[in-house]
Amino acid sequence: MPYESTYQQSITDAEQFWAKQANDIDWFNKPQQILSQDEDGLYRWFSDGILNTCHLALDYHVANGRGDQDALIYDSPVTQGFARYTYRDLLTETSRLAGALQSLGVGYGDRVIIYMPMVPQVVFAMLACARLGAIHSVVFGGFAAHELALRIDDAKPKVIMTASAGIEFDKILPYKPIVDKAMSEAHHQVDKVVVFQRWMHRAVLNDETELDWDSLVANAKPVGCTPVKATDPLYILYTSGTTGKPKGIVRDNGGHAVALKYSMKQVYQVQAGDVFWAASDVGWVVGHSYIVYAPLIAGCTTILYEGKPVRTPDAGAFWRVISDYQVKTFFTAPTGIRAIKKEDSEGLLKQKYDLSCLKYVFLAGERCDVATLEWVKELLDIPVIDHWWQTESGWPMLATPIDHGVVHEVKPGSAGRPVPGFQVHILDHDGHVLPRGAEGAVAIQLPMPPGCLPTLWQATDRFKESYLEVYPGHYFTGDGGYQDADGYTYITGRIDDVINVAGHRLSTSDMEEIVASHPAVAECAVIGVENELKGQVPVGFVVLKSGFDVTETGLENDLIKMVREQLGAVACFKKALIVKRLPKTRSGKILRKVMRHIADEKPYHVPSTIEDLTVLEEIGEVCVHQSFKQI
Ligand code: COA
Ligand code: AMP
C-alpha cells in the first residue's frame with residue numbers, strides 16, 4: 001500500500017493496523033488485546049501476548065533455515081579484530097552466556113548492567129538477558145564512574161557485565177577501574193561483576209565476586225528462552241533529561257519487537273538476508289534498536305563496528321565496511337559524515353571501493369545541516385534520508401516515505417513525514433495545534449504506536465510529569481519545530497536543557513551542577529553552542545565568588561577535568577569563560593536561549609522581562625573573540 005493510505009490506516013484504525021503487524025512475529029501466545037490502558041492510565045500494547053525477544057532474534061531464525069547465515073559481523077580496525085557469527089553461532093554463544101548468568105542467580109525481572117565497548121560479547125550479553133527475561137541496562141562507555149553509579153542505584157542490578165578495556169582511536173581505556181569506582185560510590189550492592197578480558201589489557205580481578213567471563217561461560221550449560229509478557233521490560237536505557245538525574249527509559253518486549261520489525265521494511269527497506277549497518281554504539285538507542293534487535297529480529301546481517309569514521313585508519317573507513325560486507329542500508333549520525341567531509345572533502349577515498357551494494361543512507365541523532373546532506377548525497381548518488389527519533393520512541397517518528405523503492409521528495413532540512421503510527425503535531429504554549437509554518441513544540445498525539453516508552457523505570461509520576469502533562473493528550477518530545485504545507489516537519493532543536501554533541505544526548509544542567517561545585521564559582525550557565533564538527537558543544541559561563549583569585553585558564557582546566565571525571569569525556573566540555581554577571585529575567589531565570597543566540601552570532605529577541613540589558617552586551621564582548629565553531 002502507498003504511504004498515504006498506510007499512514008491513514010495506522011491512525012484511523014490503529015488497533016487493526018498493529019494487530020496485522022503483530023502477526024509478523026512469532027509469539028508464544030498471540031495477543032488478543034491489542035491496545036489497552038493499565039492501572040496508571042498508561043497505554044499498553046499487546047498486553048496478553050507472550051513471547052521472548054531472544055527467541056525472535058535467534059532461535060526463530062535457526063529453526064527456520066537461517067542458521068548458517070551471518071547474523072553478526074564484528075569489524076574492529078582499532079584492534080585489527082574480525083569475527084563472523086552465523087545465527088547458529090550467535091544462538092550458541094547467547095544461550096551459554098544466559099546459562100552462566102542463570103548460575104549467578106539472574107532470572108526473570110532481574111536487572112543486569114552492561115558497561116562494555118563494541119565487542120561481540122556485548123551483543124551476547126544483551127540477548128542473554130533477554131533470553132532469561134532479565135532486564136538489561138547498557139551504559140555507554142564514554143560515561144564516567146559517577147554516571148554509572150547513578151544508574152546502578154536506580155536500576156539495582158544483580159550483576160554488572162563489563163570488559164577489561166575499550167579502545168578509542170589508539171588509546172586503551174581500562175573499564176574495570178571505572179566500574180570499581182562506581183560501585184564504591186553507589187549505595188546498591190551488586191552480587192557479581194563479570195569481566196570480559198581483552199588481549200591488549202587485562203583487568204585485575206580482586207575477589208570471588210569478580211568473575212572471568214570466559215571461565216564462567218566455559219562451565220555453563222545453554223538455557224532456553226523464558227516466556228515473558230509483551231508488557232514486561234526488555235531493557236532500561238538511561239538518557240539525559242533536564243535534571244541531573246538521568247531518565248530510565250523502559251522498553252517493553254512485545255511492542256518493541258513488532259515496531260522494530262515493521263520499521264525494517266517500512267522505513268529502512270530491508271528484509272531477511274539483507275545486510276544492515278548502523279554505525280553507532282550499543283550504549284545509545286540507535287545501537288539497541290538498529291545494531292542489535294531490529295536487524296536480528298528481521299533476519300538481516302548486522303555489523304558491529306569498533307572504530308570511527310576517520311583515523312581508523314582514514315576517512316574511507318565507512319566506505320570500506322560498506323563494500324566489504326555488501327551493506328544495503330547504512331545509518332549514521334551527521335557528525336560522522338561531517339568528520340569524513342572535513343578530512344576528505346573531495347570524497348577521493350570513496351573511489352577505492354565498489355559501493356554498488358548500497359541503496360540508502362539514513363541520518364539521525366542530531367539536526368542534519370543541509371550542506372552535509374547534500375555533500376553525502378552527491379558523493380554517493382543514492383537517496384540520503386534524514387529521519388528523526390529519540391531514545392524514548394525507540395524507532396523513527398519522522399522519515400521521508402519510500403513506496404516500493406521509490407523515495408518521496410526529500411526536502412533538505414526536514415526530517416520528513418510522520419512514520420505510520422505517529423501523529424506529529426506542532427503545539428503552542430497552550431497545547432493548541434499551530435497552523436502550518438508556525439514554530440512550536442513537537443508533540444505526538446496519544447496513543448503512541450508500539451515500541452515507544454510505556455513509562456520510566458519505577459518513576460511513573462516523573463514520566464507523566466515530564467512527558468504527558470505538559471500538553472494533555474500528547475507526548476511532549478522536548479523538541480521544537482514546524483511543518484510545511486506538504487506536512488514535512490522541520491526539527492529546529494531542543495527546547496529544554498538537552499544538547500546534542502556529536503549525536504550524543506547530554507544534559508547541560510548535569511554539567512552546570514558539576515561546574516557550580518567548584519569552590520570559586522558563584523553561579524554558572526552551560527549552554528550548547530554551534531560547532532562545525534559536532535553540531536553542538538557545551539560552553540560554560542561562570543561568575544566568580546568575590547575574593548577568589550583564579551586565572552581564566554586555571555579555572556577552565558579545573559572545570560574541564562571535573563566534567564571529564566564526573567560526567568565523562570563524551571561531554572566534550574572544553575570551554576569555560578568568566579563573566580561578571582549572567583543575563584536573567586526579573587524573576588531570576590537565566591536567559592540561556594538568548595545567550596545561545598549571542599554565542600552563535602544570531603539575531604535574538606530581548607525579552608521584556610530582562611533585569612539589565614547591559615549584561616547581554618557583556619556576554620557579547622566575551623564571546624566575540626571565541627571561535628566556538630572550531631572547538
Ligand atoms: N568509551 C570511552 N570514551 C569514549 C567513548 C567510549 N565508547 N566514546 C567517546 N569517548 C571519548 C572520546 O575518546 C573522546 O575523548 P577525548 O576527549 O579524550 O579525546 C570524547 O569521549 C569525545 O568523543 P567524541 O565526541 O566521539 O569525539 P572524538 O573526537 O573522539 O570523535 C567523531 C569525533 C566525529 C569521529 C565521533 O564523534 C564520531 O564518530 N561520531 C559519529 C556519531 C555517532 O556515532 N554518534 C552516536 C549516536 S548515533
Ligand atoms: P537521543 O534520545 O539520544 O536519540 O536524542 C534524541 C534527540 O536528538 C531528539 O530529541 C532531537 O533533539 C535530536 N535528533 C535526533 N534525530 C534528529 C534529526 N533527524 N533532526 C533533528 N534533531 C534530531
Side-chain angles (χ1 to χ4, degrees), residues 115-118 122 139-144 163 165-175 178 237-241 247 249 278-291 305-312 315 317-318 331-343 362-369 373 385-399 413-416 442 453 476-481 489-496 498-506 528 531 533-537 560 563-564 567-574:
Y115 184 69
M116 295 182 72
M118 291 283 283
V122 74
V139 179
F140 177 62
F143 283 124
I167 299 168
E168 283 289 297
F169 293 109
D170 51 0
K171 267 184 305 185
I172 294 178
L173 303 172
Y175 274 34
I178 300 174
L237 179 58
Y238 289 88
T239 189
S240 302
K247 291 170 168 166
I249 306 299
S280 177
D281 187 291
V282 284
W284 305 108
V285 69
V286 176
H288 279 63
S289 294
Y290 294 106
I291 295 176
Y305 174 70
E306 192 183 25
K308 301 275 181 178
V310 292
R311 293 188 281 135
T312 59
F318 278 3
F331 178 159
T332 188
T335 299
I337 302 295
R338 285 196 294 268
I340 296 171
K341 187 176 158 208
K342 195 167 166 218
E343 301 213 353
F362 283 84
L363 301 174
E366 59 183 313
R367 211 181 71 76
C368 183
D369 55 289
L373 186 101
I385 298 171
D386 175 15
H387 66 322
W388 170 79
W389 51 297
Q390 50 184 197
T391 309
E392 289 85 341
S393 68
W395 66 291
M397 298 186 277
L398 290 171
S414 164
V442 185
L453 83 168
F476 171 50
T477 64
D479 282 324
T489 301
Y490 294 71
I491 302 292
T492 48
R494 296 290 302 197
I495 48 183
D496 55 14
V498 168
I499 58 171
N500 243 292
V501 182
H504 305 136
R505 176 168 159 182
L506 300 160
N531 180 267
L533 176 64
K534 299 192 175 179
Q536 280 185 305
V537 290
I560 291 171
V563 175
R564 270 184 93 87
L567 206 162
V570 70
C572 285
F573 184 90
K574 296 200 167 139

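Both ligands and their constituent atoms are indexed starting at 1 by order of listing.
- Between Gln536 and Arg367, every side-chain heavy-atom pair lies at or beyond the 4.5 Å cut-off.
- The aromatic rings of Phe140 and Trp284 sit tilted, their planes meeting at an angle between 30° and 60°.
- Annotation: side chain of Leu506 is in contact with side chain of Phe143 (closest heavy-atom distance under 4.5 Å).
- The side-chain heavy atoms of Asp479 and Trp388, taken from C-beta on, include a pair separated by under 4.5 Å.
- Close approach to Tyr175 involves these atoms of ligand 1, each under 4.0 Å from a residue heavy atom: 1 (N).
- At a threshold of 4.5 Å between non-hydrogen side-chain atoms, the residues Val310 and Lys342 do not count as touching.
- Using modelled atom types, no side-chain atom of Arg564 and backbone atom of Ala569 make a donor-acceptor pair closer than 3.5 Å.
- Between Asp479 and ligand 2, at least one N/O pair is under 3.5 Å apart.
- Annotation for ligand 2: atoms under 4.0 Å from non-hydrogen atoms of Ile491 are 21 (C), 22 (N).
- Each of the atoms 2 (C), 3 (N) of ligand 1 lies under 4.0 Å from some heavy atom of Leu173.
- Counting only heavy atoms of the protein, atom 44 (O) of ligand 1 lies nearest to Ala279 O, 3.7 Å.
- Scanning all protein heavy atoms for the shortest distance to atom 5 (O) of ligand 2 gives Arg505 CD, 3.5 Å.
- Of all the heavy atoms of Val501, none lies under 4.0 Å from any atom of ligand 1, so neither backbone nor side chain is involved.
- Annotation: atom 10 (N) of ligand 1 to nearest protein heavy atom, Glu168 OE1, 3.3 Å.
- Considering only non-hydrogen protein atoms, atom 7 (C) of ligand 2 sits nearest to Asn500 ND2, 3.7 Å.
- No side-chain heavy atom of Met397 sits less than 4.5 Å from a side-chain heavy atom of Thr489.
- Between Thr391 and ligand 2, an N or O atom pair is found at a separation short of 3.5 Å.
- Among the atoms of Glu392, none of the N or O lies under 3.5 angstrom from an N or O of ligand 2.
- Atom 48 (S) of ligand 1 has Ser280 OG, 3.4 Å as its closest protein atom, hydrogens excluded (heavy atom only).
- In the vicinity of Cys572, heavy-atom distances shorter than 4.0 Å reach the ligand 1 atoms 22 (C), 25 (O).
- In this structure, Tyr175 and Tyr115 have tilted ring planes: the angle between them lies in the 30° to 60° band.
- Only backbone heavy atoms of Trp389 (N, CA, C or O) come within less than 4.0 Å of ligand 2; its side chain stays farther off.
- Not a single donor-acceptor pair under 3.5 Å links the side chain of Arg494 to the backbone N or O of Ile499.
- The closest protein non-hydrogen atom to atom 33 (C) of ligand 1 is Lys534 CE, 4.2 Å.
- Inter-residue side-chain proximity for Phe476 and Ile495 is flagged as met; some heavy-atom pair is nearer than 4.5 Å.
- In terms of protein heavy atoms, atom 30 (O) of ligand 1 is closest to Phe169 CE1, 3.5 Å.
- Only backbone heavy atoms of Glu366 (N, CA, C or O) come within less than 4.0 Å of ligand 2; its side chain stays farther off.
- Looking only at distances, a side-chain donor or acceptor of Thr477 sits under 3.5 Å from a matching main-chain atom of Val442.
- Close approach to Arg564 involves these atoms of ligand 1, each under 4.0 Å from a residue heavy atom: 16 (P), 17 (O), 18 (O).
- In this structure the side chain of His504 never reaches within 4.5 angstrom of the side chain of Lys534, judged on heavy atoms.
- Distances below 4.0 Å separate heavy atoms of His387 from the following atoms of ligand 2: 16 (N), 18 (C), 19 (N).
- Heavy-atom contacts of Asp386 reach the following atoms of ligand 2: 18 (C), 19 (N) (cutoff under 4.0 Å).
- Those atoms of ligand 1 that come under 4.0 Å of a heavy atom in Gly141, given as number and element, are 1 (N), 2 (C), 6 (C).
- Every atom of ligand 1 is numbered from 1 in the order shown, and the set under 4.0 Å from a heavy atom of Thr335 is 34 (C), 40 (N).
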Task: side-chain contact (heavy atoms from CB on, under 4.5 Å) between Tyr238 and Ile249, intermediate numbers included - done: CA-CA 6 Å; Tyr238 289 88; Ile249 306 299; over 6 Å; no
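- When only modelled atom types and interatomic distance are considered, Thr335 and Glu366 share a side-chain donor-acceptor pair under 3.5 Å.
- Taking every heavy atom of Gly503 and a limit of under 4.0 angstrom, the matching atoms of ligand 1 come to 47 (C).
- When side chains are defined from C-beta on, Phe362 does not count as touching Pro396, because their heavy atoms never get closer than 4.5 Å.
- By the criterion of a heavy-atom distance under 4.0 Å, neither the backbone nor the side chain of Arg338 is placed next to ligand 1.
- Residue-level proximity to ligand 1 for Phe573 is absent, since no heavy atom of it falls below 4.0 angstrom.
- Proximity of Lys171 to ligand 1, defined as any heavy-atom pair under 4.0 Å, is confined to the side chain (atoms from C-beta onward).
- Of the N or O atoms in Gln390, one or more lie within a sub-3.5 Å distance of an N or O in ligand 2.
- Within a 4.0 Å radius of atom 6 (C) of ligand 1, the protein contributes at least one heavy atom.
- Between Phe318 and Tyr305, the angle of the ring planes goes over 60°, which puts this pair in the perpendicular group of the 30/60° scheme.
- Scanning all protein heavy atoms for the shortest distance to atom 20 (C) of ligand 1 gives Ala569 O, 3.4 Å.
- Annotation: atom 39 (O) of ligand 1 to nearest protein heavy atom, Pro309 CD, 3.0 Å.
- Scanning the protein heavy atoms around atom 37 (O) of ligand 1, the nearest turns out to be Ala502 CB, 3.6 Å.
- The side-chain contact (heavy atoms from CB on, under 4.5 Å) test with Thr332 is passed by exactly one of Ile340, Val286, Leu363: Leu363.
- Between Gly365 and ligand 2 there is a heavy-atom distance shorter than 4.0 Å.
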